[in-house]
4 protein chains.
Amino acid sequence: MSIAFNYSVHYAKVTLVYLSGLALMTDTQTRKKWKQDPEAVQANILAAAAEEFAEHGLTGARVDEIAARTRTSKRMIYYYFGDKESLYRQVLEEAYRKVRSEEAALDLTSLAPLDALRRLVEFTFDHHRANEVFIRLVMIENVHKGRHLSESSLIARVNASAIERIEDICARGQKDGSIRPDVSPHELHWLISAACFFNISNRFSFGISFDKSLFSEPGQHKLRALTCDAVIAAARGKVS
Amino acid sequence: MSIAFNYSVHYAKVTLVYLSGLALMTDTQTRKKWKQDPEAVQANILAAAAEEFAEHGLTGARVDEIAARTRTSKRMIYYYFGDKESLYRQVLEEAYRKVRSEEAALDLTSLAPLDALRRLVEFTFDHHRANEVFIRLVMIENVHKGRHLSESSLIARVNASAIERIEDICARGQKDGSIRPDVSPHELHWLISAACFFNISNRFSFGISFDKSLFSEPGQHKLRALTCDAVIAAARGKVS
Amino acid sequence: MSIAFNYSVHYAKVTLVYLSGLALMTDTQTRKKWKQDPEAVQANILAAAAEEFAEHGLTGARVDEIAARTRTSKRMIYYYFGDKESLYRQVLEEAYRKVRSEEAALDLTSLAPLDALRRLVEFTFDHHRANEVFIRLVMIENVHKGRHLSESSLIARVNASAIERIEDICARGQKDGSIRPDVSPHELHWLISAACFFNISNRFSFGISFDKSLFSEPGQHKLRALTCDAVIAAARGKVS
Amino acid sequence: MSIAFNYSVHYAKVTLVYLSGLALMTDTQTRKKWKQDPEAVQANILAAAAEEFAEHGLTGARVDEIAARTRTSKRMIYYYFGDKESLYRQVLEEAYRKVRSEEAALDLTSLAPLDALRRLVEFTFDHHRANEVFIRLVMIENVHKGRHLSESSLIARVNASAIERIEDICARGQKDGSIRPDVSPHELHWLISAACFFNISNRFSFGISFDKSLFSEPGQHKLRALTCDAVIAAARGKVS
DNA sequence: AATGAATGAGCATTCATTCAT
DNA sequence: CATGAATGAATGCTCATTCAT
């Protein structure tokens with residue numbers, strides 16, 4: 001007679017093996033060897049960690065939960081990333097790298113300055129909407145006062161191109177008179193970012209307190225237009 | 001007007017007394033004996049908790065640390081608030097209540113619509129700058145997807161006045177032609193909030209990645225003007 | 001404007017009173033004065049405590065929960081009973097007193113010895129079924145190795161009558177030859193108690209492991225008969 | 001025969017090995033280094049927990065105290081068993097398993113039915129006396145209304161053999177006429193259990209209220225004989 | 001006689017991290 | 001390169017009880 005059971009609830013894997021002579025089923029025997037290349041393992045961990053950190057924040061994220069989202073074990077997280085905070089930093093860097101490299105694909109040089117500006121706003125608005133994980137990571141990092149971001153030498157470098165693109169638009173617009181001479185590319189970038197970021201970051205509190213319909217598809221369409229109008233107006237010239 | 005609702009708890013019996021929206025008893029006033037003064041104890045805990053939650057988030061905050069910031073003990077936190085999450089919820093409610101009641105002091109009815117709008121933007125910009133704790137609590141709550149906010153029946157009510165004020169401005173502006181007829185007060189409120197909120201919430205990540213000088217006093221002055229211009233342009237009429 | 005709410009969840013009673021001038025509703029104003037005589041208050045506490053202790057055991061019972069089952073407050077429990085363990089002891093004593101006094105109502109003197117014995121078994125069987133709270137208190141006390149029972153001088157006294165009754169039956173039966181001469185009233189009482197007590201005390205574990213139908217009404221009827229048969233057989237004479 | 005079931009947990013990975021119903025490794029055998037020996041750690045915890053739970057009940061037991069009785073730490077209890085209640089459940093299961101497997105060693109097939117029955121009662125009486133920890137765990141579980149027992153799929157199965165044995169005796173006795181035809185094996189088992197269980201479970205309250213000498217060695221001898229007589233009389237035939 | 005406020009000690013449980021192989 | 005076992009230091013929370021009036 002031999003009874004074997006193996007019950008998994010929420011902790012780890014427990015295997016009780018009862019036998020009247022022979023061990024029937026040790027689970028190490030039936031376990032496939034993944035034998036992935038280390039880079040794939042690391043990428044897998046980073047992806048899992050990004051989700052968990054974005055979902056629960058740095059303090060709220062659980063290393064066990066990250067491991068569970070992974071194809072490897074918790075032990076490997078420490079093996080490759082040292083500790084939770086280092087992992088978080090790498091997740092942040094990776095997120096910035098990915099988002100900025102996607103932005104780099106946007107070529108605005110063939111458009112007239114104001115058209116380029118409108119296109120940039122639209123793109124940014126849409127891109128932020130499509131990258132909630134990134135938005136959430138940045139929110140979380142701001143809750144931590146940018147402490148980890150400031151330790152990364154990579155971030156500033158990766159963000160430089162974003163500001164260059166808008167500087168180019170401003171320069172061209174100031175040359176042809178379509179943009180007012182005293183405009184600041186940094187300020188313009190700030191305004192665009194504010195609208196596009198807030199649209200995602202604060203949609204919960206804003207939706208609860210005010211109008212949820214602004215976050216429906218038609219509502220978003222209108223907010224996108226509003227943002228374009230406001231940014232272009234600010235770029236064009238003094239009002240009132 | 002008198003609103004009474006009853007969800008009867010099981011904590012302790014507590015009576016907080018406010019006079020016309022303002023807390024009657026700030027805890028610095030009563031640094032005396034204060035034994036047997038439940039309201040003061042509660043207010044003191046709420047103040048300490050607000051700081052700790054704003055600093056470290058819901059999961060990052062430590063009840064022990066909150067207690068340490070308090071003139072009473074950890075036990076009393078549980079006595080009056082039940083658990084960490086309930087305390088957090090009450091902190092959130094209290095923060096909204098305080099901020100909205102301060103905003104209510106702003107009287108715009110005597111100003112011309114566009115002047116009122118400008119004044120509103122300036123006030124909001126300044127007010128957000130002066131209330132970082134509130135901003136951080138809202139950020140944190142958005143990291144939690146507004147879960148706790150949506151459980152509070154108070155929040156929507158307390159926010160209603162904010163939207164009424166801008167509706168009034170729009171109505172008056174549409175009447176006298178200074179504001180375009182198809183403007184949406186909710187959208188306008190969204191734009192104002194986005195700029196003023198982002199200015200505080202994301203100043204770390206933005207400052208690190210881009211231009212730190214935007215957050216200096218002169219920089220802030222310019223961003224405030226930029227926000228005014230953008231909002232007024234959006235209210236006035238279609239551009240480009 | 002005045003808003004008053006009062007939410008009671010599971011802790012105590014919380015009353016937040018906001019007012020723009022006048023306190024509206026303090027709950028001390030609207031509270032009736034029970035002004036019960038002390039004995040009624042004590043009886044009320046004992047009844048509530050009996051339920052709670054029977055339900056959860058000495059360590060599992062919660063003083064707060066006892067208070068909640070009461071018409072008075074937790075403070076009164078300490079006022080009248082000193083501490084949890086003393087209260088428990090008084091509950092135990094009260095339970096024994098009540099059960100034994102109910103048993104005393106059973107008059108067997110007019111019945112022939114074996115009929116009296118059968119009647120006694122039937123009565124005990126039924127009485128135990130009808131007094132689960134008592135059974136549970138005795139179980140719990142046995143988990144505590146009778147520590148509190150042995151501190152009570154009352155218990156032995158109150159139980160004496162139970163043994164006297166069966167001694168009387170045996171004496172009469174031995175006289176008329178219907179009960180064997182070497183029978184021990186204590187042993188007989190032990191056997192009756194065992195069956196009648198176990199029937200209630202262990203019906204959960206027994207029902208789960210074996211036959212639940214024994215605890216249905218027909219099943220109980222059969223067990224009652226079985227117990228009578230077994231006790232009478234044991235009283236009558238040597239078997240096998 | 002081989003039964004395999006799978007409820008896969010999330011604790012740690014553990015492999016307990018039993019040989020034909022008997023624990024292979026009692027923890028006194030391995031008082032050496034035992035690091036990296038999960039089975040021994042688990043068994044050690046279960047043993048310590050059984051003592052503590054039997055002594056103080058589920059709510060009265062202290063995890064710290066269990067840990068102190070252990071050769072490992074409190075942390076490992078949670079590592080392997082998740083929480084206090086799960087540990088308790090496993091202790092219960094283990095206790096049932098052990099008791100029933102010891103009972104299985106009793107071979108009654110070579111005895112005449114009534115002799116077998118007498119032997120069974122004597123064995124059960126003695127076995128219960130020798131397993132106070134088990135009795136106490138069952139008492140405690142009954143205080144909890146069998147809640148944890150009913151969640152265990154193992155218990156019913158492990159108890160099946162107990163009832164089969166007495167069914168066999170009854171069948172044989174009915175065939176040769178020594179046991180009455182309408183006897184119920186379940187009822188008989190109930191009567192045996194009641195006497196043998198009560199003898200241990202209630203000896204404190206019974207001893208205090210009535211005759212302590214029943215629990216002396218000679219007293220126990222007489223109660224054992226009384227139980228045999230009563231059970232056999234009940235099995236044999238209708239009386240009075 | 002009665003009670004709302006207050007509390008210290010303890011309790012179950014979690015979490016990031018390291019050990020040993 | 002990989003991993004199951006192990007753990008110290010918190011961490012949120014509870015409980016019986018006492019204080020002050």
Side-chain angles (χ1 to χ4, degrees), chain A residues 12-13 27-28 31 33-38 41 59 61-67 72-80 82-85 87, chain B residues 11-15 33-38 41-42 59 61-67 72-85 87, chain C residues 11-13 27-28 31 33-38 41 59 61-67 72-80 82-85 87, chain D residues 11-15 34-38 41-42 59 61-67 72-85 87:
Chain A
K13 184 118 55 85
D27 56 29
T28 45
R31 174 179 293 164
K33 295 187 169 187
W34 287 102
K35 265 307 176 219
Q36 295 180 286
D37 56 313
V41 173
T59 45
R62 298 294 164 239
V63 177
D64 276 295
E65 193 49 40
I66 294 172
T72 78
S73 70
K74 181 166 63 159
R75 192 61 194 74
M76 284 296 90
I77 294 171
Y78 286 93
Y79 189 72
Y80 284 119
D83 64 11
K84 193 189 183 186
E85 211 154 335
L87 174 60
Chain B
Y11 293 85
K13 184 131 37 104
V14 170
T15 315
K33 48 170 247 179
W34 106 333
K35 288 265 185 179
Q36 304 283 50
D37 187 348
V41 172
Q42 250 217 3
T59 44
R62 297 290 160 242
V63 178
D64 277 297
E65 189 50 39
I66 294 171
T72 176
S73 69
K74 180 165 61 158
R75 187 61 193 77
M76 292 310 284
I77 294 172
Y78 288 95
Y79 182 64
Y80 283 119
F81 297 95
D83 65 12
K84 192 188 183 185
E85 210 154 332
L87 174 60
Chain C
Y11 306 77
K13 184 113 61 84
D27 54 31
T28 45
R31 174 178 294 163
K33 293 188 171 188
W34 287 101
K35 266 306 177 219
Q36 296 180 283
D37 57 313
V41 172
T59 45
R62 299 290 163 244
V63 177
D64 276 295
E65 192 50 40
I66 294 172
T72 80
S73 70
K74 180 165 62 159
R75 193 62 194 75
M76 282 296 93
I77 294 172
Y78 286 93
Y79 188 71
Y80 283 120
D83 63 11
K84 192 191 183 185
E85 212 154 334
L87 175 59
Chain D
Y11 294 83
K13 188 139 22 109
V14 170
T15 314
W34 106 333
K35 286 265 183 180
Q36 304 282 49
D37 186 348
V41 173
Q42 250 218 4
T59 44
R62 296 290 162 243
V63 178
D64 276 297
E65 190 50 39
I66 294 172
T72 176
S73 70
K74 180 163 62 157
R75 188 61 192 75
M76 292 310 285
I77 294 173
Y78 288 93
Y79 183 63
Y80 283 120
F81 296 94
D83 63 13
K84 192 188 183 185
E85 210 154 333
L87 175 59

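The basis for the numbers below is simple: all heavy atoms, side chains too, and nothing from hydrogens, waters or symmetry mates.
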In whole angstroms, the gap separating C1' of E:dA6 from CG of B:Asp37 amounts to 13 Å
Would you mind pulling out the nucleotide paired to F:dA20, Watson-Crick or G-U wobble, both distances under 3.5 Å? E:dT3
Under 3.5 Å, side chain of A:Arg75 to main-chain N/O of A:Thr72, donor-acceptor pair present? no
Mind checking whether D:Gln42 and D:Phe81 have side chains closer than 4.5 Å, heavy atoms only? yes
With side chains defined as the heavy atoms from C-beta onward, is the minimum distance between D:Tyr78 and D:Leu87 less than 4.5 Å? no
Using heavy-atom distances to pick each residue's nearest nucleotide on DNA chain F, tell me which of D:Met76 and B:Ala61 is more 5'. D:Met76
Indicate yes or no for a side-chain donor-acceptor contact from D:Lys84 to the backbone of D:Ala61 under 3.5 Å, with no hydrogens or angles considered. yes
First encountered from the 5' end of DNA chain F, between A:Ser73 and B:Val63: A:Ser73
Could you state the CD1-P distance from D:Ile66 to E:dA12, rounded to the nearest angstrom? 8 Å
Does the E:dT17 base have a donor-acceptor partner in the side chain of A:Lys74 within less than 3.5 Å? yes
What is the separation between atom CD1 on A:Ile77 and atom P on E:dA16, rounded to the nearest whole Å? 10 Å
How close or far is atom P of E:dT13 from atom NZ of D:Lys84, stated in whole angstroms? 7 Å
In this structure, how many angstroms lie between the P atom of E:dT17 and the OH atom of A:Tyr78, rounded? 4 Å
How many whole angstroms separate atom CD of B:Glu65 from atom P of F:dA10? 13 Å
What is the minimum heavy-atom distance between B:Ala67 and B:Ser73, and which atoms define it? CB-C, 4.1 Å
Identify whether any heavy atom of A:Ala67 sits under 4.0 Å from a base atom; if not, whether one sits that close to sugar-phosphate; answer base, sugar-phosphate or nothing. nothing
Distance check: side-chain N/O of D:Thr72 vs OP1/OP2 of F:dT7, anything under 4.0 Å? yes
Please state how far atom CZ in C:Arg75 lies from atom C1' in E:dA2, giving the value in whole angstrom units. 9 Å
Under a 3.5 Å limit for both distances, which nucleotide forms a Watson-Crick or G-U wobble pair with E:dG8, could you say? F:dC15
Any side-chain N or O of C:Arg62 below 4.0 angstrom from OP1/OP2 of F:dA16? yes
Should D:Tyr79 be listed as having a side-chain N or O under 4.0 Å from OP1 or OP2 of F:dA5? yes
Between atom CZ in B:Phe81 and atom P in F:dT14, what is the gap in whole Å? 16 Å
Considering only E:dT17, E:dA1, E:dA20, which nucleotide approaches the side chain of C:Tyr80 most closely? E:dA1
